[in-house]
Structures are given as structure tokens and as C-alpha cells.
Amino acid sequence: MEILTGNLQKDMEYLNRVLDADKNFDVIYRVINIAGKDACMYLIDGFCKDELMQKILQYFMDMTPDALPEDIHGLSKKFTPYIEVEIEDKCDVLIHSLLSGVFVLLVDGYSKALLIDCRTYPARGVEEPEKDKALRGSKDGFVETIVFNTALIRRRIRSTDLHMEMMTAGKSSQTDIVICYMKGRADEKFLDEIRKKIQNISADALSMNQESLAECLYQRKWYNPFPKFKYTERPDTAAALILEGSIVILVDNSPSAMILPITIFDVMEEADDYYFPPITGTYLRLTRFLISLLTYLITPTFLLLMNNPQWIPESFSFIMLKEEPNLPLIWQFLLLELAIDGLKLAAVNTPNMLSTPLSVLAALVLGEFSVNSGWFSSEVMLYMAFVAIANYTQANYELGYALKFLRVMNLIMTQLFGLWGYIAALVIAVLSICCNRTVAHSSYIYPLLPFNWKNLKNRLIRRRLPGALKK
């Protein structure tokens with residue numbers, strides 16, 4: 001580990017060689033004179049505030065020789081007109097700070113450098129997230145700048161028990177990671193485990209930010225698609241879960257927070273459950289649970305009944321196909337499952353100016369024309385339309401795709417093995433949830449297993465907040 005020598009010329013040669021400053025146009029260094037001594041400043045273009053830097057440099061360059069202190073400590077404490085100031089002599093720490101946007105000042109004869117944190121990042125404004133919208137509540141959301149995100153949480157939790165620990169991961173990227181938790185409420189054992197896992201990450205870079213970190217923290221079993229992490233772009237949701245004892249992880253350049261550990265009930269909850277009165281919140285929550293269950297069951301059940309029409313009661317005979325299908329039902333369902341995902345991908349990549357005409361074209365082609373052409377039955381289109389729309393009743397993409405994979409498996413097993421295949425697929429779906437574990441090694445369906453009626457009632461019924469006034 002290289003240490004600053006105090007010889008400005010040697011220290012500059014080392015830093016210029018490591019930073020390749022003569023080739024990197026955004027690495028700026030300038031030799032100046034401070035109170036009769038040579039000095040050199042390093043900064044990254046675009047990270048430092050120009051007006052503030054000009055004032056600090058003007059202050060240093062106007063110093064008289066008799067005012068210059070003997071060591072860097074005196075310069076830092078008494079003669080640096082800024083708040084966030086540190087001193088450092090380790091070159092690797094100094095380089096990391098510089099590449100993070102910190103202004104570095106070397107003075108000849110001083111064996112340590114002055115680090116002035118006057119950086120600013122290119123950032124968009126705080127606005128309502130597109131994904132986690134709520135009918136009521138705050139309209140701010142996380143952005144890609146980690147300092148702004150921590151401030152949004154601090155604004156909501158003004159407690160000395162709120163801790164935010166900064167860590168880094170990735171040999172090349174040196175990505176900033178912040179662990180947010182409430183002291184005394186979060187599980188200390190699990191918190192230590194998270195710290196050790198982040199420290200032991202050997203990846204070269206967190207190229208996909210939070211997803212890369214999630215894969216490093218937990219090696220999930222590929223055959224179980226249910227989410228082990230919850231992501232939110234809402235600061236109010238993150239703050240509420242921190243207060244409940246969860247751990248929130250913020251990753252620089254990611255406009256969302258990672259919440260852990262979570263159960264299936266945590267995944268299903270949304271902010272609107274708490275922004276409405278208890279009876280309305282309970283209705284919304286139970287409706288979301290019911291619709292999610294129907295998105296999994298409706299198409300396999302319809303396929304099973306169409307393959308066994310003798311099981312359909314006479315009062316439900318209207319669900320029978322009006323016309324004999326030209327294509328087997330199983331292929332119709334599988335093709336539409338694929339087509340729906342294709343439409344989602346097309347919607348993501350479609351420019352805004354073309355979204356309206358393309359959506360109309362897709363509705364005509366996959367709607368009326370596909371039925372009239374004989375490829376799909378109108379009943380199949382109806383049930384798949386319900387599944388496609390109902391998937392948006394809950395915001396968690398991972399849960400939606402987990403239900404989709406299980407639904408497709410149920411369709412195939414029902415077609416191949418009839419009623420026994422349908423039952424076997426249901427058993428596999430239940431086991432994939434019940435036998436799942438959280439990242440904290442606890443039950444994925446708590447408080448259902450182990451059973452805790454009080455907590456289960458709170459999960460299903462939106463009750464009045466603790467501490468609310470009573471008559």
C-alpha cells in the first residue's frame with residue numbers, strides 16, 4: 001500500500017501514473033502556490049461545484065506565508081473554509097475518494113493530503129416513481145444518487161436509532177452501498193451476516209447494481225422463482241419497513257431500495273393499504289390476494305373442465321366453448337402466454353410517440369382478428385385477458401413471473417395427466433411457497449407457519465395504527 005511521501009513532485013508522478021492523468025481528459029490536476037509553497041489540486045471534471053471550488057482556491061492562494069500552519073492538521077482545522085474536510089495519507093483511499101468526486105489537495109512538505117467533499121452528481125429531480133404509484137401519500141421517489149436517497153429516509157425518521165452504514169463492493173466499480181436499519185429493532189445477527197457477505201463480495205463490479213448485489217448476497221435455488229427481496233421506489237414504504245425492523249439496502253445508481261428479509265405477505269403489501277381507512281385498506285389487500293390466486297388458477301381450471309366437460313354443472317354450462325377449436329386449447333394458452341410477454345417487451349422498447357398506434361394495432365391483431373381467423377377461441381382470449389390485466393394488481397414483477405411459471409407448469413401437467421396432473425401442480429405450487437426460506441433463514445409464509453394468529457390477523461386485516469387515539 002503506497003503512502004504519500006510529502007515530496008510533491010514524487011507524489012504527483014505516482015498519482016499521474018496511476019490515474020493516467022495525461023490521457024483522461026476529465027482528470028484535472030493543477031499546480032498552484034499556497035503561501036509560498038507549491039501545491040497541486042486534483043479533481044474529476046463534472047463532479048465538483050465550480051463556484052465553490054473557485055472560492056476555496058481563492059482563499060488558499062491569498063494566504064500569507066506566515067499564516068501557513070506547520071502540518072496538514074492545522075490547515076484542515078483552522079484554515080479550510082469548508083465543512084466536510086478530511087486528511088488522508090494512503091494513496092489507494094485517496095484515489096478512491098478522488099474517483100468518487102472528492103477534491104484532493106497536496107501541499108509540498110505535508111505527508112498527508114486534504115480531502116474536501118464538495119462534489120455534486122448529475123441527477124434528475126425527485127419525482128413520483130412510475131412503478132410504485134399510490135392514489136394518496138407522498139409523490140416523491142428514490143433517484144440514482146445515493147445521498148439524496150438517504151436524505152429522503154432521514155426526512156421521515158428523525159431518530160438517533162436510525163443508522164446508515166456506508167460500504168463498498170466491486171473491485172473495479174467500488175460501488176457505494178448503504179445499509180439502513182433501526183438500532184434495537186433489526187436482527188443484529190442477520191445484520192452482521194449481511195455486513196460480512198458484502199465485505200466478502202469478490203465480484204469485479206456490480207454491473208447490474210441491485211440485482212448483482214442480490215445474487216451475491218443470496219444464492220437462490222434456480223427452480224424456486226419466488227422473490228427473496230422486495231424492491232420499492234417509495235421512500236415512505238422504505239421508512240415504514242425500517243421502523244418495523246427490516247433492513248433496507250441502498251445501492252448507488254439504483255433508484256430503488258432493497259428490503260430484506262421479506263415473506264410472501266410482505267411482497268403482497270402496497271402503500272395504498274395504509275393510505276386509506278382500515279376497512280378500505282383491508283378490502284384492497286384481500287382483493288389483491290384473491291386476484292393473485294385467480295391469475296394462477298383460472299386458465300388451468302378452465303382447461304381441465306374443457307377436457308372433462310362431464311364435470312361441469314348444468315348451471316355453469318355457459319362456460320363451454322361455443323365452437324370447436326381449430327387449435328388445441330393447451331397450444332392456445334401457451335401461445336398467448338408468450339404473446340403477452342412479447343407485448344410487454346414491445347411496450348418497454350416502443351417510443352412514446354408510437355405507443356398509441358401500436359397498442360391499437362396489437363389490440364386488433366390479437367383481439368378480433370385472431371378470433372375471426374380461427375387461431376384462438378373467444379373464451380380463451382377472455383380468460384387470458386383477465387390474467388394479463390390482473391397481473392398488474394400487484395407491483396412486484398418477480399411474484400408475477402413466479403405465478404406465471406407455476407401457471408404454465410399447471411397447464412402442461414393438466415393437459416398431460418388430467419386431474420392428477422392438476423392436483424400435482426397445485427401441490428408443487430404450495431410446496432414451493434411453504435418450503436421456501438427467507439434470506440434470514442426464517443419461514444417464507446410466517447405468520448402462517450409457524451402459526452401466529454395475532455400476526456396473521458394483522459397481515460390479512462388492515463388494523464388501526466398502534467398508538468392511534470381511542471375513544
Side-chain angles (χ1 to χ4, degrees), residues 225-226 264 268 282-344 359-394 399-434 460:
F226 284 93
I264 188 67
M268 297 292 293
T282 301
Y283 170 76
L284 293 175
R285 184 177 299 177
L286 294 179
T287 300
R288 195 178 304 114
F289 272 101
L290 179 61
I291 292 178
S292 296
L293 183 62
L294 287 177
T295 59
Y296 168 68
L297 289 175
I298 189 167
T299 54
T301 304
F302 178 75
L303 178 63
L304 177 66
L305 293 177
M306 291 303 101
N307 290 342
N308 301 275
Q310 67 275 12
W311 297 347
I312 303 176
E314 187 175 350
S315 58
F316 285 90
S317 59
F318 63 88
I319 69 172
M320 291 291 297
L321 294 175
K322 301 301 185 293
E323 299 178 359
E324 189 69 21
N326 298 323
L327 193 68
L329 292 181
I330 180 63
W331 288 111
Q332 293 188 38
F333 281 122
L334 294 180
L335 286 175
L336 286 175
E337 290 279 5
L338 185 64
I340 289 172
D341 282 335
L343 288 175
K344 289 180 181 179
S359 61
V360 173
L361 178 63
L364 290 175
V365 172
L366 293 180
E368 182 179 359
F369 294 161
S370 59
V371 173
N372 294 337
S373 65
W375 274 89
F376 300 102
S377 302
S378 57
E379 292 83 359
V380 172
M381 294 291 294
L382 171 65
Y383 296 129
M384 284 305 302
F386 169 80
V387 169
I389 296 173
N391 274 330
Y392 292 105
T393 57
Q394 50 88 21
L399 180 60
Y401 277 105
L403 294 175
K404 179 186 183 69
F405 298 149
L406 293 176
R407 181 173 63 248
V408 171
M409 181 188 67
N410 199 330
L411 285 169
I412 295 174
M413 293 184 67
T414 300
Q415 179 67 26
L416 294 178
F417 306 108
L419 177 61
W420 292 111
Y422 180 84
I423 295 174
L426 287 178
V427 172
I428 292 174
V430 172
L431 290 178
S432 63
I433 298 176
C434 296
L460 297 178

Interatomic spacing from [atom1] in [X] to [atom2] in [Y] - rounded to 0.5 Å:
{"X": "M384", "Y": "L335", "atom1": "CE", "atom2": "CG", "result": "10.5 Å"}
{"X": "N391", "Y": "T393", "atom1": "CG", "atom2": "OG1", "result": "7.0 Å"}
{"X": "L336", "Y": "F376", "atom1": "CG", "atom2": "CZ", "result": "4.0 Å"}
{"X": "L294", "Y": "F386", "atom1": "CG", "atom2": "CZ", "result": "5.0 Å"}
{"X": "L334", "Y": "L338", "atom1": "CG", "atom2": "CG", "result": "9.0 Å"}
{"X": "T301", "Y": "I319", "atom1": "OG1", "atom2": "CD1", "result": "9.5 Å"}

Report yes if the side chains of I423 and L419 come closer than 4.5 Å at any heavy-atom pair, otherwise no.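 Yes; the side chains approach each other to less than 4.5 Å.
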
Under 3.5 Å donor-acceptor, R288 side chain and M268 backbone: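 It does hold such a pair.
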
More than 12 foreign heavy atoms under 6.0 Å from CZ of F318: is that the case here?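 More than 12 within 6.0 Å, yes.
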
Between M320 and P309, what is the shortest heavy-atom contact and its length?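 Distance-wise, the nearest heavy atoms are CE-CB, 3.8 Å.
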
Would you call the rings of F302 and Y383 parallel, tilted or perpendicular, where under 30° means parallel and over 60° means perpendicular?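 Rings of F302 and Y383: tilted, 30 to 60°.
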
Verdict with supporting geometry, E379 and K322, side chain to side chain contact (heavy atoms under 4.5 Å, CB included): CA-CA 9 Å; E379 292 83 359; K322 301 301 185 293; 3.4 Å; yes

